[in-house]
Number of protein chains: 2
Amino acid sequence: MGMPPPAGAGAARRDSMRAILAAAELVFSRRGFEGARMAEIAAESGLPKANLHYYFGTKERLYRAVLEDIIRQWLDTAAAWIVPEHAPAEALAGYVRAKLMDARVRPGASRIFAGELLRGAPLLMPFLADELRRRVGEMAAVIEGWAARGLIGPVAPAHLFFCIWAMTQTYADFDVQVRAVLGPSADEDAIFAAAEATVTQLVLHGSFVRDNVAILNT
Amino acid sequence: MGMPPPAGAGAARRDSMRAILAAAELVFSRRGFEGARMAEIAAESGLPKANLHYYFGTKERLYRAVLEDIIRQWLDTAAAWIVPEHAPAEALAGYVRAKLMDARVRPGASRIFAGELLRGAPLLMPFLADELRRRVGEMAAVIEGWAARGLIGPVAPAHLFFCIWAMTQTYADFDVQVRAVLGPSADEDAIFAAAEATVTQLVLHGSFVRDNVAILNT
DNA sequence: ACCGAATCTGACCGTCCGGTCAAGATTCCC
DNA sequence: GGGAATCTTGACCGGACGGTCAGATTCGGT
């Protein structure tokens, strides 16, 4: 058996796995699961190919490991902002800002997630149907709580989140399109500043968040 | 030379190519470019694999042909709605409705487009930088015309379109996620009705389209 | 009916790629 | 210091996949 022990704690182990995971995230995000080559991940990580298989067994298990990392961040961002203690305006604006920041500093993660969904989510389906569904249910309850207190207008909470995810992640997933359309003169700072302004405006005014409606009425 | 003549007009030719293109759109949309297998496209089309190569030469040329079809529809929908003759409310609502209809009846097209962008648009880059960029410029001019007449509030036109595309196409690209989160009780009619209501609301109120602001102020 | 062009097709090929393996190097623990 | 466990590595498979080809079949014009 070439399989490593279930839970070793060697330093070499940790370093190698980290390097492999980072290289894998890069290559999977550029090429997709099918397009990614183990040899390219190996080259990117600076380790021989056999080493990847020593630690992760198969391409699919390596991909799964990368996905789990991504999902953890995804859920953390939502949990940090969509909570009843926040006012709707700061919660939604903060969430949009945080998601755009993720899209900017770690676009590969968003792309891998997108690629997985595009393929019909063969590996992520259990997560989507169980944990994500539950989390969205909780987030929807927060929205409905705000609505009941008149802090936010009528809006279908789940769809509001679909739209927020779509708008924010598009700046990572389809970033080539954004850059091509805006042309070479648009630098990254300007793009993300305009993106945040636009998405925030659509979300806050589009869902009648109270403070903003007040501003609107002046 | 196995290459067919530049522009034959046989009936068999037309039928075979149609069948191949339809099968290719299906398979490319489910598996992506790298994941798609020529053998699967052949099986789906009911023709032997050698036939695909007779008409299209290579996998990449077949994929290109599918992409061109998709782009034509993409541009047509935009050209039909975002014109200065329309009032902003009907133009934007109509565009959203049309894009959601496309997402519903031809989700594979949207997914192929998304997959191409995800991979960095190796084949679509010229289109993005030339034709799409020009078209978005024209559409932005329409928005700015409305803004100058006070029919729509301040909004960055290009980003408004990025957001509209993101929100509408997410219902095709990430449809597994939508279904998983909403659960088995949500049928397609209900999903798309709620999607249209939500996206339209975000776009119209979020960009201060006049009619809607008036409604808001009552 | 005839003939060249167009279309179709099964069998085949070379390459690429995920995965394996066995032997060598290093680390860890007593 | 020694032996076992862990880690590293180049060389090597077997299957899958895009693409080819030569021969069979059909089509279109006269």
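We use all heavy atoms of the structure for the numbers below, so side chains are in, but hydrogens, waters and symmetry mates are not. By convention in this document, chain letters (A, B, ...) are assigned in the order of the sequence lines, proteins followed by strands, and residues within each chain are numbered from 1. Remember, it's a predicted structure, so these values are computed and weren't measured experimentally.
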Exercise answer: donor-acceptor pairs, residues 34-51 of chain B side-chain atoms, under 3.5 Å, sequence neighbours excluded:
{"unit_1": "B:R37", "atom_1": "NH1", "unit_2": "B:E34", "atom_2": "O", "d": "3.1"}
{"unit_1": "B:E40", "atom_1": "OE1", "unit_2": "B:R31", "atom_2": "NE", "d": "3.0"}
{"unit_1": "B:E40", "atom_1": "OE2", "unit_2": "B:R31", "atom_2": "NE", "d": "3.4"}
{"unit_1": "B:E40", "atom_1": "OE2", "unit_2": "B:R31", "atom_2": "NH2", "d": "3.1"}
{"unit_1": "B:S45", "atom_1": "OG", "unit_2": "B:I41", "atom_2": "O", "d": "3.3"}
{"unit_1": "B:S45", "atom_1": "OG", "unit_2": "B:A42", "atom_2": "O", "d": "2.9"}
{"unit_1": "B:S45", "atom_1": "OG", "unit_2": "B:L47", "atom_2": "N", "d": "3.3"}

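- For the pair A:R61 CZ and C:dG19 C1', the computed distance is 12 Å after rounding to whole Å.
- Distance, A:F33 CZ to C:dG18 C1': 10 Å, rounded to whole Å.
- We find that CG of A:L52 is positioned 14 Å from C1' of D:dG10, with the value rounded to whole Å.
- One finds a side-chain N or O of A:Y55 lying less than 4.0 angstrom from the OP1 or OP2 phosphate oxygen of D:dT8.
- Residues meeting the side chain to side chain donor-acceptor pair (under 3.5 Å) test with A:E85, sequence neighbours left out: none.
- With sequence neighbours excluded, no residue satisfies side chain to side chain donor-acceptor pair (under 3.5 Å) with B:R134.
- Among the atoms of the strands shown, none is found under 4.0 Å from any heavy atom of B:A42.
- Rounded to a whole Å, the CD1 atom of A:I41 is 10 Å from the P atom of C:dG19.
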Please enumerate all protein N or O atoms sitting under 3.5 Å from an N or O of nucleotides 19-28 of chain D, with distances to 0.1 Å.
{"unit_1": "D:dG19", "atom_1": "OP2", "unit_2": "B:H53", "atom_2": "NE2", "d": "3.4"}
{"unit_1": "D:dG19", "atom_1": "OP2", "unit_2": "B:K59", "atom_2": "N", "d": "2.6"}
{"unit_1": "D:dG19", "atom_1": "N7", "unit_2": "B:K49", "atom_2": "NZ", "d": "2.8"}
{"unit_1": "D:dG19", "atom_1": "O6", "unit_2": "B:K49", "atom_2": "NZ", "d": "2.5"}

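- Between the CG atom of A:D15 and the C1' atom of D:dT8 there is a distance of 14 Å, rounded to whole Å.
- Applying the ring-ring contact (aromatic ring centres under 6.0 Å, His included) criterion to A:F162, with sequence neighbours excluded, gives A:H159, A:W165.
- A:R179 pairs by the side chain to side chain donor-acceptor pair (under 3.5 Å) definition with A:D175, not counting sequence neighbours.
- Close to C:dG18, at under 4.0 Å from its OP1 or OP2, lies a side-chain N or O of A:R37.
- In this entry the distance linking CD of A:E34 with P of D:dA16 reads 14 Å, nearest Å.
- Taking atom CG of residue A:N51 and atom C1' of nucleotide C:dA25, one finds them 13 Å apart after rounding to whole Å.
- The ring-ring contact (aromatic ring centres under 6.0 Å, His included) check on B:F161 picks up nothing, with sequence neighbours excluded.
- Remark: B:K99 is not positioned above the aromatic ring of B:W81, lacking an NZ or CZ atom under 6.0 angstrom from the ring centre and at most 45 degrees off the axis.
- Within the structure, every side-chain polar atom (N or O) of A:S16 is placed at least 4.0 Å from both OP1 and OP2 of D:dC7.
- The line from OG of A:S110 to CG of A:D102 is 8.5 Å long, rounded to the nearest 0.5 Å.
- Candidate nucleotides C:dT9, C:dT7, D:dC7 were compared by shortest atom distance to the side chain of A:R13, and D:dC7 ranks first.
- At the phosphate of C:dT7, OP1 or OP2 sits under 4.0 Å from a side-chain N or O atom of B:Y54.
- Remark on the helix from C:dA1-D:dT30 to C:dC30-D:dG1: inter-end axis angle 30°, axes from five-pair C1' superpositions, rounded to 10°.
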Atom pairs and distances, side-chain donor-acceptor, residues 112-130 of chain B, under 3.5 Å, sequence neighbours left out:
{"unit_1": "B:E116", "atom_1": "OE1", "unit_2": "B:Y63", "atom_2": "OH", "d": "2.7"}
{"unit_1": "B:E116", "atom_1": "OE2", "unit_2": "B:L123", "atom_2": "N", "d": "2.9"}
{"unit_1": "B:E116", "atom_1": "OE2", "unit_2": "B:L124", "atom_2": "N", "d": "3.4"}

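- When the P atom of C:dG18 is taken as reference, atom CD of A:E40 falls 10 Å away, rounded to whole Å.
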